[in-house]
Amino acid sequence: MTDAKRRAGEQAMQYVEDGMVVGVGTGSTVAYFIQALARRRDRIAGAVSSSESSSTLLRAAGIEVLDLNAHGPLPLYVDGADECDPSRCLIKGGGAALTREKIIAEASTCFVCVIDAAKRVEVLGRFALPIEVIPMARSLVARAVLDGTGGQPVWRQGTTTDNGNWILDVHGLSIIDPVALERELNQIPGVVSVGLFARRPADVVIVG
Ligand code: 5RP
């Protein structure tokens, strides 16, 4: 698996062009991309990062971390995923970075998703769907998710996101219409973002 992740991360380098500001996701696959990016650091303008953990890796690699407000929209975003269906719709957020990941994906012209083969599924939902919630709305959102979808929300206790929020992981879903479910869950007050990347799926998927 580690080799597959490394290959996927390294293959994403073919999309990096000189002078680019590169959007950088979060996770172990992306960590390999950051290692490869470091070897070309003098030829890129910098990176916009989706998490504090990736920012730490980028700075340690000598890559400047830039502000999306000053440098967006971006030509390229490279990120991993927890599941990927044949339409390139994704479940993300296993690393709790879904909200910033979704912002950068939206702000990018080309979203390259880097995964190993185990992440490919026909129907999304085997991996529990992460939802970032405002802490005071945790129970409200959990009840609405249970009533509306039949999925079983479980509070990821001990995890606070980079934005100061909490995560619910929704188990037992079989996501036939990812765009509709993403839209429905986004309507619940207290939901910050949903780890379904369906309205804005990946453009390219690299399977290591
Ligand atoms: C973080 C994510 C990651 O991209 C996802 O969890 C995949 O991680 P890894 O590459 O370590 O398997 O969405 O929020």
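Note that ligands are numbered from 1 as they come in the structure, with each ligand's atoms numbered from 1 the same way. All residue numbers refer to positions in the sequence shown, counting from 1.
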Quiz item: Is D79 salt-bridged to K92, cutoff N-O under 4.0 Å?
Solution: yes
Quiz item: Hey, are R100 and E52 close enough for a salt bridge, meaning a charged N less than 4.0 Å from a carboxylate O?
Solution: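 Judged by the 4.0 Å cut-off on N to carboxylate O distance, R100 and E52 do form a salt bridge.
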Practice problem: Return yes if some donor-acceptor pair links the side-chain N/O of D82 with the main-chain N/O of G93 below 3.5 Å, else return no. | Solution: yes
Exercise. Could you tell me the separation between the OG atom of S193 and the CD1 atom of I167, rounded to the nearest 0.5 Å?
Key: 7.5 Å
Quiz prompt | Hydrophobic cluster identity match, F111 and L76, side-chain contacts under 4.5 Å | solution =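 Different clusters.
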Self-check item: A81, portion touching ligand 1 at heavy-atom distance under 4.0 Å
Solution: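 Backbone only.
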Exercise. Using a 4.0 Å heavy-atom cut-off, say whether I115 meets ligand 1 through its side chain, its backbone, both or neither.
Key: neither
With atoms numbered from 1 as shown, which atoms in ligand 1 lie under 4.0 angstrom from a non-hydrogen atom of [X]?
X: T26; answer: 1 (C), 2 (C), 3 (C), 4 (O)
X: A96; answer: 14 (O)
X: T29; answer: 9 (P), 10 (O)
X: A97; answer: 14 (O)
X: S28; answer: 9 (P), 10 (O), 11 (O), 12 (O)
X: G80; answer: 4 (O)
X: K5; answer: 9 (P), 11 (O), 12 (O)
X: D79; answer: 4 (O)

Quiz item: Is there at least one pair of N or O atoms, one from G27 and one from ligand 1, spaced under 3.5 Å apart?
Solution: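 It does not: no N or O of G27 is found under 3.5 Å from an N or O of ligand 1.
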Exercise. Please say whether G93 places an N or O atom under 3.5 Å from an N or O atom belonging to ligand 1.
Key: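 Yes; the residue has a nitrogen or oxygen that sits under 3.5 Å from a nitrogen or oxygen of the ligand.
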Self-check item: Candidate with minimal heavy-atom separation from atom 1 (C) of ligand 1, of K92, E101, R100, E132
Solution: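 Ranked by closest heavy atom to atom 1 (C) of ligand 1, first place is E101.
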Exercise. Have a look at E83, K119, K102 and point out the one with the heavy atom closest to atom 12 (O) of ligand 1.
Key: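 Heavy atom nearest to atom 12 (O) of ligand 1 belongs to K119.
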Take atom [atom1] in [X]; do more than 12 heavy atoms of anything else shown fall under 6.0 Å from it?
X: R200; atom1: CZ; result: yes
X: R199; atom1: CZ; result: no
X: Q14; atom1: CD; result: yes

Quiz prompt | Matching residue for E10 among R39, R40, K5 - test: salt bridge (charged side-chain N to carboxylate O under 4.0 Å, His left out) | solution =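 With E10 as partner, salt bridge (charged side-chain N to carboxylate O under 4.0 Å, His left out) holds for just one option, R39.
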Quiz prompt | Nearest protein heavy atom with distance in Å, relative to atom 6 (O) of ligand 1 | solution = D82 OD1, 2.6 Å
Quiz item: When L129 is tested against each of L168, D169, L196 for side-chain contact (heavy atoms from CB on, under 4.5 Å), which residue passes?
Solution: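 For L129, the side-chain contact (heavy atoms from CB on, under 4.5 Å) check succeeds only for L196.
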